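Below is one structure, written out as structure tokens; comments come after it.
Being a predicted model, the structure only gives us computed values, none of them experimental. We're numbering straight along the sequence, starting at 1.
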Amino acid sequence: MGNCSGHDFSIPPGKGPHHVGCTDLMVGHTVEGTFFRLYYPCQLSERSENPDWVPTKEYFNGLADFMKINRRLSERIFNYLFGSCKIPATWNAAFKPNTKHPVVIFSHGLGAFRTLYSAICVELASQGFIVASVEHRDESASATFYFKEKSTPEALKTGEPEFPLRNKQVKQRADECIRALDILFTVNSGNMVENVLKTPFDWSTLENSMDLCRIAVMGHSFGGATVIECLCKEVRFKCGIALDTWMFPLDEVIFPQVKQPIFFINSEKFQWAGNIFRMKKLDSATIPRKMITIRGAVHQSFPDFTFLTGNCLGKIFKLQGNVDPHLAMDLSNRASLAFLQRHLSLERDFNQWDQLIDGKDNHLIPGTNITLLQVSNTVGIW
């Protein structure tokens, strides 16, 4: 009775018109390779299997290490709470052809991995996007796996300044997102890629399926910083959505080089003046830069954990805030869809949520709830 199915806790399915499939792709056996979970509109099948939310027990161990708790105890607790949780997508389902889909590359937060944001990725895929959720191999994931022995993890030593490590990691993360995009370009062109995981999904069905003029990058926390780094490095990303971004890893010198629209979606309980101030350094008089804050939300209102614990545990472990987790996720997803329609020039009905981009909702704050000292040389359209 302790697992998520016993409590009827589950990750919400997509609300769009498409059924959603997912599969994994690993290109290359080592840390220099590329690894992501792909979510996509799929054909309805009578026989379907939903994948486990946490792929293997090693990911539980990685979460325990990240949280600095005992592995043996935590594995039992995590397995009890989350061991039967499934992602609301059909594993290796046949791709649904006949139209070109816009593309989103998603970057996870510190201590997370490729499956922990499935509520966001499934919703985007149900609305007609192809989404690649990258598993980062910069040692910022709680775990990942290889087919060959990897090198010793690069960890922060006692007394060592944090910025050099995090800055190096965010650059690697951006490179990994760009490599994932390169692979999607290869797949779209009809060229074969070798998936070392040997999954049964037929990648050839994705030929000419992607609208590669309409590509966005999205991420949470460290993944939000990765969004900014990606926009600086890669012009194929037409816009970025940064969820409760941790700005610390970024070199401020790159900010003027970012020319694409950015949407910051923040939680009320995570942000602080220094972090918001760095976001505002990305403000522009000519390039759309938007920010909203979800009232009552916490930093963990964006990953799937927020749906998989009851109110009591959710509050104790700060996985839930004072806002209903489903409402918070809907606001974030709908605002994101409206922003993507606007800046990818999509012919959809997502503009019905345009008011959310400006924070016009009782559960949203336009801009930020954080008070900043007035700075004379800042300009803005927040």
Side-chain angles (χ1 to χ4, degrees), residues 11-20 39-42 44 88-89 96 98-106 117-131 133 209-211 213-220 224 227 237-245 260-268 287-297 301-302 304 306-307 321 323-369 381-382:
I11 299 164
K15 295 179 169 62
H18 301 282
H19 297 283
V20 178
Y39 298 84
Y40 52 89
C42 76
L44 183 61
K96 183 179 180 181
N98 302 327
T99 188
K100 284 185 177 289
H101 300 277
V103 173
V104 173
I105 305 295
F106 191 93
Y117 296 84
S118 63
I120 295 172
C121 297
V122 166
E123 174 62 15
L124 290 172
S126 80
Q127 299 287 358
F129 291 81
I130 289 175
V131 184
S133 181
S209 67
M210 302 174 217
D211 188 341
C213 294
R214 293 179 168 89
I215 302 167
V217 60
M218 187 174 186
H220 173 244
V227 166
F237 293 120
K238 302 304 182 186
C239 63
I241 299 174
L243 307 173
D244 230 11
T245 300
Q260 303 95 317
I262 303 170
F263 191 15
F264 291 103
I265 303 178
N266 295 337
S267 71
E268 185 178 8
I287 303 167
R289 301 281 158 81
K290 292 289 188 178
M291 181 190 293
I292 60 173
T293 300
I294 303 174
R295 295 184 189 274
S301 293
F302 298 94
D304 297 333
T306 193
F307 301 110
V323 63
D324 178 87
H326 293 269
L327 174 61
M329 184 62 71
D330 282 348
L331 287 168
S332 179
N333 283 340
R334 289 171 179 176
S336 297
L337 289 166
F339 187 82
L340 290 170
Q341 172 158 326
R342 182 180 295 185
H343 296 291
L344 297 182
S345 301
L346 304 175
E347 295 181 359
R348 307 290 175 87
D349 63 352
F350 307 149
N351 57 352
Q352 65 183 296
W353 300 308
D354 269 353
Q355 73 278 5
L356 300 181
I357 299 175
D358 296 312
K360 294 178 180 177
D361 185 274
N362 290 338
H363 298 279
L364 296 176
I365 300 168
T368 179
N369 60 308
I381 47 170
W382 294 94

| query | Hey, does K290 have a side-chain heavy atom less than 4.5 Å from the side chain of D358? | reply | yes
| Which atom names give the shortest non-hydrogen contact between F350 and Q341, and what distance separates them? | N-OE1, 2.9 Å
| query | Excluding sequence neighbours, so at least two apart, what forms salt bridge (charged side-chain N to carboxylate O under 4.0 Å, His left out) with D354? | reply | R342
| task | Go through the side-chain N and O atoms of Y117 and H220 and say whether any donor and acceptor fall under 3.5 Å apart. | result | yes
| note | Rounded to the nearest 0.5 Å, the CD1 atom of I265 sits from the OG1 atom of T293 at a distance of 10.0 Å
| message | Do L337 and L124 make a side-chain contact, defined as non-hydrogen atoms from C-beta onward lying under 4.5 Å apart? | response | yes
| message | Using side-chain heavy atoms (C-beta onward) and a distance below 4.5 Å, is M329 in contact with I120? | response | yes
| task | Give the minimum heavy-atom separation between P102 and G128, together with the two atoms involved. | result | CD-O, 3.6 Å
| Heavy-atom pair of closest approach, residues S133 and Y39 | CB-CE1, 4.1 Å
| To the nearest 0.5 Å, what is the distance between CG (D211) and NZ (K100)? | 7.0 Å
| request: Could you tell me whether a side-chain N or O of D244 sits under 3.5 Å from a main-chain N or O of S267, the two making a donor and an acceptor? | output: yes
| message | Give me the atom names and distance for the closest heavy-atom approach of G240 to F339. | response | O-CE2, 3.7 Å
| Under 6.0 Å from the NE2 atom of H19, do we count more than 12 heavy atoms belonging to anything else shown? | no
| field | Any residue meeting side chain to side chain donor-acceptor pair (under 3.5 Å) with N266, in chain and number order, not counting sequence neighbours | value | none
| remark: Closest non-hydrogen atoms of A328 and I294, given as atom of the first, atom of the second and distance, are O-CD1, 3.8 Å
| Hey, does R295 have a side-chain heavy atom less than 4.5 Å from the side chain of I365? | yes
| task | Hey, could you give me the CZ/CD distance between F129 and E123, rounded to the nearest 0.5 Å? | result | 10.0 Å
| field | Close side-chain approach of V227 to F263, heavy-atom, < 4.5 Å | value | no
| message | Any side-chain to backbone donor/acceptor pair from D304 onto S118? Under 3.5 Å, distance only. | response | yes
| query | Taking the side chain as C-beta and beyond, is there a heavy-atom pair between Q127 and P17 under 4.5 Å? | reply | yes
| said: Rounded at 0.5 Å granularity, tell me how far CD1 in I357 sits from CG in L364. | reply: 11.5 Å
| said: Are V122 and P13 packed together at the side-chain level, in the sense that at least one heavy-atom pair is separated by less than 4.5 angstrom? | reply: no
| query | Side chains of L340 and C239: does their closest heavy-atom pair fall under 4.5 Å? | reply | yes
| note | Note: A125 and V20 closest approach over all heavy atoms is CB-CG1, 3.7 Å
| task | Only counting residues at least two apart or in another chain, list the ones meeting salt bridge (charged side-chain N to carboxylate O under 4.0 Å, His left out) with K15. | result | D330
| query | Does Q260 use its side chain to pair, donor to acceptor, with the backbone of K238 at less than 3.5 Å? | reply | no
| field | Check against side-chain contact (heavy atoms from CB on, under 4.5 Å), F237 and I105 | value | CA-CA 9 Å; F237 293 120; I105 305 295; 3.7 Å; yes
| request: Calculate, to the nearest 0.5 Å, the distance between atoms NE2 and CD1 belonging to H343 and I241 respectively. | output: 9.0 Å
| query | Rounded to the nearest 0.5 Å, how far apart are CG of L243 and OG of S301? | reply | 11.0 Å
